[in-house]
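Here's the structure, in structure tokens; my notes come after.
Just so it is clear, the structure is predicted and the values come from calculations on it, not from any experiment. For reference, positions follow the sequence shown, starting with 1.
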Amino acid sequence: MSLPRPVSDTLIELLKPVASELGERLGASAVNERYAEIEPSGSSALNQQIKKDPRWIKAQVRYLQRQQAREQELIAIADAEERVKEERANRIKAQEVRDKRAISRLCRDLMREFQSEAIRVKLNEIQTIWDRDNWFSNLSRQETEQILQQQQHRLLLLVAPAKISEDCPDSFRHNLNIELPAKLRAFLNQHYSPHGELCPVQFYGDYFKKSISDIDVERLQTVLSPVPTAILYSDISDYEVNFHVGFWGVINQSVSLVAMQPWNWEEVYHQLEAEGKDRKLSLRIIRQIIVTIHKLLAAFLADLYYLNIDFTHEPQLFTLEAEFAQEWFSKDWAKPYIETLKEIQEQQRIVYKGEMRRLALREAKARAERQRLEEAELKRREEAEAAAKRVKELAHKLKHQKWRCVYTLPGHSSFVNSLAISPDGKILASGSWDKTIKIWDLETTELIGTLTGHSDRVNSVAISYDGKMLVSGSSDETIKFWNLHNGDLLCTFPGHSMEVNSVAINPKGLVIASCGGADNTIKLWNLRSGELLRTLRGHSDNVNAVVFSPDGKILASGSSDATSKVWDVESGKLLRTLSGLNVGVNSVAIAPDGQILASVSNDYTIKLRNLQTGSLLRILNTNSGRGKGVTNLGMNEAVHILQNYVSRGESVAISRDGLTLASGCDDNTINIWNLQTGELLTSLKGHSGTVYSVAIAPSGNLLASGSADQTIKIWRCD
């Protein structure tokens with residue numbers, strides 16, 4: 001069935017400008033968004049947030065790589081047998097479709113994730129908004145909250161009851177507001193299902209209890225602004241229909257209001273009557289046309305929205321001619337809408353190809369950079385091996401001690417950058433970038449247990465002075481307390497804004513100190529309650545290490561800002577700053593007498609200072625290739641350093657008798673020094689990566705070392 005030609009021509013002229021206006025208002029922004037990376041032009045923060053997300057970048061890179069592989073495969077099968085070529089081409093096409101749908105899902109998932117905060121704010125504000133404007137009492141608050149809380153990113157489409165004049169035929173007033181939501185719901189569920197993968201639309205046909213106006217659309221946007229929404233509403237007088245569209249989305253978040261030119265339904269009624277159709281059928285056809293126009297607008301808005309956010313979207317409207325043909329519909333009605341969508345789709349494809357070219361260029365540069373870094377790493381290893389050879393030559397000077405590796409403890413799957421030995425010398429704890437802590441029996445070297453719970457690398461472990469508790473700090477921003485004997489997790493403290501670099505336990509009180517890498521602060525916590533006692537501020541760069549004095553009254557810290565600072569624990573007051581280090585401080589330690597502060601720096605030196613005055617007492621050069629001597633201290637100033645900090649690239653430990661110092665560094669070796677003379681006694685080689693941590697047992701004849709090669713080595717002195 002078809003309408004008289006004059007009626008159809010009138011409708012085409014009526015519908016065409018709306019396609020153009022909606023396309024300009026809601027479609028052009030998509031192209032601006034795509035170019036925003038090159039020329040920012042007020043693009044939405046949400047779209048830019050998605051583009052910068054590592055998950056989106058990774059997915060785009062993966063898609064580009066798979067696309068390039070498919071192109072190569074198509075070239076390779078060009079000369080294959082036709083049947084084989086067709087089968088493989090179909091398989092490649094199916095892969096392309098799957099990849100595009102995966103990107104579409106990721107895009108919607110990221111949008112929903114990034115909108116969560118705005119949605120939370122709206123849910124908190126909803127009572128105030130409801131109380132402020134009586135109009136909202138016409139809506140269902142429960143449905144409004146359900147819309148905001150929906151877990152998937154979908155276009156929300158609402159249709160309001162038509163405002164129908166009392167002078168309209170009873171056929172309009174009795175039937176149209178029944179037919180319109182019912183038929184629109186069936187249409188959208190079939191072609192734009194809310195559970196579909198391509199272009200899900202969440203439709204409400206009974207959300208509005210009565211007809212609405214433009215001001216009501218703007219009111220509703222104050223509540224539903226985080227949810228992309230299209231609203232269809234109309235008013236019908238005794239001779240014409242006015243169609244209206246309201247819209248906002250994640251790209252263009254301001255309200256767009258578009259009105260169609262009035263449609264003279266009375267004129268169409270007379271034309272149908274002249275064609276011989278009775279009154280009942282003529283009015284039914286007019287109602288059907290009104291419903292069909294709503295369907296066309298709904299399909300166009302849905303496809304337009306998903307084209308805006310998804311370069312892979314293939315508009316459903318392109319395939320719906322048969323659907324409309326059953327409803328007095330001429331395909332010419334949809335032609336301007338289809339043409340608008342095709343134009344925007346082509347713009348999207350052109351822009352996306354440009355993005356892919358830029359992405360391919362960045363990937364090529366990244367590959368070149370990786371190759372450069374690999375060559376630099378190879379050179380570094382060669383240089384490290386050469387340095388190790390020089391260390392071996394110096395090892396021949398050993399006169400009194402011979403260290404040998406007696407055990408290698410595998411088990412960690414990443415860098416071992418933290419070690420602690422219990423006060424009785426029987427237990428070794430190791431922390432690793434693999435997010436675990438392992439507990440070892442030092443007498444048998446057996447693995448007692450593995451502590452899991454951190455969600456990022458473990459940067460520091462410390463054992464309490466009674467040997468009962470283990471404390472760990474991690475890049476997951478937390479501090480955890482464990483029962484050392486059974487491995488139970490006792491409690492978890494929130495740490496710092498990015499990572500916890502170091503933890504220390506006050507030997508005289510229930511206080512834990514921690515320092516973070518990004519916030520430049522030190523935090524003091526109550527050991528039992530987890531209460532934050534105070535935050536110490538003063539460093540201007542990452543704080544890498546903290547340590548308490550033996551009497552528990554003083555806290556020392558070392559930072560990448562090239563200073564060590566001394567604090568009063570009770571008051572949190574900064575007592576003094578020890579500067580003049582030139583380079584960052586990786587670790588700090590206080591001698592048992594509380595008079596000497598040791599700091600390990602990035603310049604391959606260990607500096608010993610008077611804790612009270614800050615004066616420099618001695619420098620040990622831990623780079624075996626430099627081999628500088630040191631200044632002697634008086635016999636009454638012998639250093640006994642028991643506190644160890646796991647540093648980044650270098651660490652230090654002092655034997656209990658204060659005669660021997662062991663240091664590990666980034667040439668993969670452990671150096672053994674005579675602390676009294678500054679002489680380098682020997683260099684222990686065995687690790688194939690940076691030695692991140694060393695610890696000497698209380699007996700003084702056992703040394704543990706942890707490395708970037710993922711192993712722990714136990715060394716014994718004969």
#### Entry: N-O pairing of Glu377 and Arg380 below 4.0 Å
yes
### Message
Can you tell me how far apart NE2 (His454) and CH2 (Trp433) are? Round to the nearest 0.5 Å.
### Response
15.5 Å
### Query
Looking only at atom types and distance, does a side-chain atom of Ser422 sit under 3.5 Å from a main-chain N or O of Gly467, one as donor and one as acceptor?
no
### Query
Is the side chain of Thr669 donor-acceptor paired with the backbone N or O of Leu684 at a distance under 3.5 Å, no angle test?
no
### Task
Quick one: closest heavy-atom pair of Gly614 and Leu578, and the distance?
CA-CD2, 3.3 Å
#### Entry: His412 side chain reached by Ile712 side chain, heavy atoms, under 4.5 Å
yes
### Minimum heavy-atom distance between Val546 and Ala504, given as atom pair plus value
O-CB, 3.7 Å
### Message
Has Asn506 got a side-chain atom pairing as donor or acceptor with Lys508's backbone, closer than 3.5 angstrom?
### Response
yes
### Flag, side chain of Ser474 to backbone of Arg457, donor-acceptor distance under 3.5 Å
yes
### Message
Within the 4.5 Å heavy-atom criterion, are Ser464 and Val471 side-chain neighbours or not?
### Response
no
### Under 3.5 Å: donor-acceptor pair, side chain of Arg534, backbone of Val569
yes
### Task
With rounding to the nearest 0.5 Å, note down the distance linking CD1 in Ile714 to CG in Leu442.
5.5 Å
### Summary
With His539 as partner, the option from Asp561, Thr577, Asn520, Asp519 fulfilling side chain to side chain donor-acceptor pair (under 3.5 Å) is Asp561
### Query
Would a distance-only check, ignoring hydrogens and angles, find a side-chain to backbone donor-acceptor pair under 3.5 Å from Asn544 to Val585?
yes
### Task
Using only heavy-atom distances, determine whether the side chains of Asn668 and Ser707 contain a donor-acceptor pair under 3.5 Å.
no
### Message
Go through it in stages, so that I can follow the logic: the residues are Leu681 and Trp403, the test is side-chain contact (heavy atoms from CB on, under 4.5 Å), and I'd like the CA-CA distance, side-chain angles, deciding distance and then a yes or no.
### Response
CA-CA 10 Å; Leu681 299 175; Trp403 289 87; over 6 Å; no
### Task
Please tell me if the side chains of Ser514 and His496 come closer than 4.5 Å, counting only heavy atoms from C-beta onward.
yes
### Test side-chain contact (heavy atoms from CB on, under 4.5 Å) applied to Lys607 and Ile619, step by step
CA-CA 5 Å; Lys607 295 181 175 67; Ile619 297 176; 4.2 Å; yes
### Distance-minimising heavy-atom pair for Val588 and Ser564
CG1-OG, 3.9 Å
### Query
What do the steps show when you test Leu702 against Ile421 for side-chain contact (heavy atoms from CB on, under 4.5 Å), and what is the final call?
CA-CA 10 Å; Leu702 198 68; Ile421 296 176; over 6 Å; no
#### Entry: Side chain Arg576, main chain Thr613, donor-acceptor under 3.5 Å
no
### Query
At what distance, to the nearest 0.5 angstrom, does NZ of Lys713 lie from CG of Leu409?
9.0 Å
### Summary
To the nearest 0.5 Å, atom CG of Asp667 lies from atom CZ of Arg381 at 14.0 Å
### Task
Look at Arg120 together with Glu117 and state whether they make a salt bridge at an N to O cut-off of under 4.0 Å.
yes
### Task
Check whether any side-chain N or O of Ser460 sits under 3.5 Å from a backbone N or O of Val503 as a donor-acceptor pair, and report yes or no.
yes
### Task
Side-chain contact test, heavy atoms from C-beta onward, threshold under 4.5 Å: evaluate it for Arg55 versus Lys58 and give yes or no.
no
### Query
Does Ser475 reach the side chain of Asn459, with side-chain heavy atoms less than 4.5 Å apart?
yes
### Task
Considering non-hydrogen atoms only, spot the tightest contact between Ser549 and Pro507 and give its length.
O-CG, 3.6 Å
### Message
Can you confirm whether Glu113 is buried at CD, in the sense that more than 12 heavy atoms of other residues, nucleotides or ligands lie under 6.0 Å from that atom?
### Response
yes
### Query
Just wondering, do Ile439 and Trp482 contact through their side chains at under 4.5 Å, heavy atoms?
no
### Minimum heavy-atom distance between Tyr692 and Ala708, given as atom pair plus value
CE1-CB, 3.5 Å
### Task
Take Glu443 and Lys426 through the side-chain contact (heavy atoms from CB on, under 4.5 Å) test and state the conclusion after the steps.
CA-CA 6 Å; Glu443 295 179 349; Lys426 295 180 179 181; 3.8 Å; yes
### Query
Has the side chain of Arg537 got a donor or acceptor atom that lies under 3.5 Å from a matching backbone atom of Thr521?
no
### Message
Can you tell me how far apart CG (Leu574) and CG (Asp568) are? Round to the nearest 0.5 Å.
### Response
10.5 Å
### Message
In the structure I gave you, are the side-chain heavy atoms of Ile448 and Ile427 within less than 4.5 Å of one another anywhere?
### Response
yes
#### Entry: Within-4.5 Å side-chain heavy-atom neighbours: Leu470 and Leu451
yes
### Task
Might you point out which heavy atoms bring Ser432 and Phe415 nearest each other, and give the distance in Å?
OG-O, 2.7 Å
### Message
Distance check, rounded to the nearest 0.5 Å: Ile512 atom CD1 versus Asn526 atom CG?
### Response
9.5 Å
